[in-house]
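One structure is given here, and the rest of the page talks about it.
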Amino acid sequence: QVHLVESGGGLVEAGGSLRLSCAAAGLTFRNHVMGWFRQAPEKEREFVAVISRNSDTTQYADSVKGRFTISRDNAKNTVYLQMNSLKPEDTAVYYCAARSSGLVAVSTRRDFYEYWGQGTQVTVSL
């Protein structure tokens with residue numbers, strides 16, 4: 001059974017930083033594309049960042065480009081999201097997602113992903 005467990009969320013002031021982690025179990029992590037999505041209250045879940053299985057390709061939403069960095073450690077079965085210069089509009093529940101890579105290096109589509117974590121709350125105050 002696949003489990004994705006996010007951690008590292010919390011309350012931070014605008015301009016601050018947080019590092020989210022997502023630990024994966026029950027899958028061959030190195031073969032999976034890993035993504036981060038977020039969902040603010042009354043909004044749809046949206047793409048944030050994605051990383052290919054060997055880290056050679058990353059992609060970011062325009063809203064976070066230059067502030068967030070996605071990375072992974074295949075030895076630890078963990079993907080990270082370093083979030084800097086946080087803004088109140090970054091407030092959301094952040095989810096990690098996984099999909100066996102196949103021929104696709106990365107995807108920004110929600111429906112591409114097979115597995116999802118339970119989410120971790122990030123709140124950015126003024």
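When reading the values below, keep in mind they use all heavy atoms of this one structure, side chains included, and skip hydrogens, waters and symmetry mates. By convention here, the first residue in the shown sequence is residue 1.
Counting only distance, with no hydrogens or angles, the side chain of R99 and the backbone of F112 share a donor-acceptor pair below 3.5 Å. For the pair S52 (side chain) and V106 (backbone), a donor-acceptor distance under 3.5 Å is absent.
Inter-residue side-chain proximity for S100 and N31 is flagged as unmet; no heavy-atom pair is nearer than 4.5 Å. Residues V124 and M83 have side chains not in contact (no heavy-atom distance under 4.5 Å, counting atoms from C-beta outward). Taking the side chain as every heavy atom from C-beta outward, R38 and S63 approach each other to under 4.5 Å. You'll find the side chain of R30 stays beyond 4.5 Å of the side chain of N54, heavy atoms only. Side-chain contact between V104 and V33 is absent, with no heavy atoms from C-beta onward closer than 4.5 Å.
Residues passing the salt bridge (Lys or Arg N to Asp or Glu O under 4.0 Å) test with D56, sequence neighbours excluded: none. Contacts of K43 classified as salt bridge (Lys or Arg N to Asp or Glu O under 4.0 Å), with partners at least two apart in sequence or in another chain: none.
Taking hydrophobic clusters as Ile, Leu, Val, Met, Phe, Trp and Tyr residues chained together by side-chain heavy-atom distances below 4.5 Å, I70 shares a cluster with F29. Hydrophobic clustering of Ile, Leu, Val, Met, Phe, Trp and Tyr side chains at less than 4.5 Å, counting indirect connections, keeps W36 apart from V50.
A salt bridge does not link D90 with K87: none of the charged nitrogens is closer than 4.0 Å to a carboxylate oxygen.
Taking CG of N74 as the reference point, atom NE2 of H32 lies at 11.5 Å (rounded to 0.5 Å). If you take OG on S71 and CD on Q82, they are separated by 8.0 Å, rounding to the nearest 0.5 Å. To the nearest 0.5 Å, the span separating CG on L27 from CE on M34 amounts to 7.0 Å. Taking OH of Y115 as the start and SG of C22 as the end, the distance is 13.5 Å to the nearest 0.5 Å.
Here L103 sits alone; no ILVMFWY side chain lies under 4.5 Å from its own, so it joins no hydrophobic cluster.
Donor-acceptor pairing under 3.5 Å is lacking for the side chains of Q59 and T57.
Residue Y113 comes nearest to S107 through the heavy atom pair OH-O, 2.6 Å, listed as atom of the first residue, atom of the second, then distance. Taking each heavy atom of A49 and L81 in turn, the nearest pair found is CB-CD1, 4.1 Å. Taking both residues in full, the closest heavy atoms of T78 and S21 are given as CG2-CB, 4.2 Å, listed atom of the first, atom of the second, then distance. Across Q121 and A92, no two heavy atoms sit closer than the pair NE2-O, 3.5 Å.
Counting only residues at least two apart or on different chains, the salt bridge (charged side-chain N to carboxylate O under 4.0 Å, His left out) pairs with a member in residues 101-112 are E44-R110, R109-D111. Applying the ring pair (Phe, Tyr, Trp, His ring centres under 6.0 Å) test to residues at least two apart or on different chains, the pairs with a partner in residues 43-101 are F37-F47.
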Ignoring hydrogens and angles, write down the donor-acceptor pairs under 3.5 Å from the side chains of residues 5-14, residues two or more places apart or on other chains.
| residue | atom | partner | partner atom | Å |
| --- | --- | --- | --- | --- |
| E6 | OE1 | Q118 | N | 3.1 |
| E6 | OE1 | Q118 | NE2 | 3.4 |
| E6 | OE1 | G119 | N | 2.9 |
| E6 | OE2 | C96 | N | 2.8 |
| E6 | OE2 | G119 | N | 3.3 |

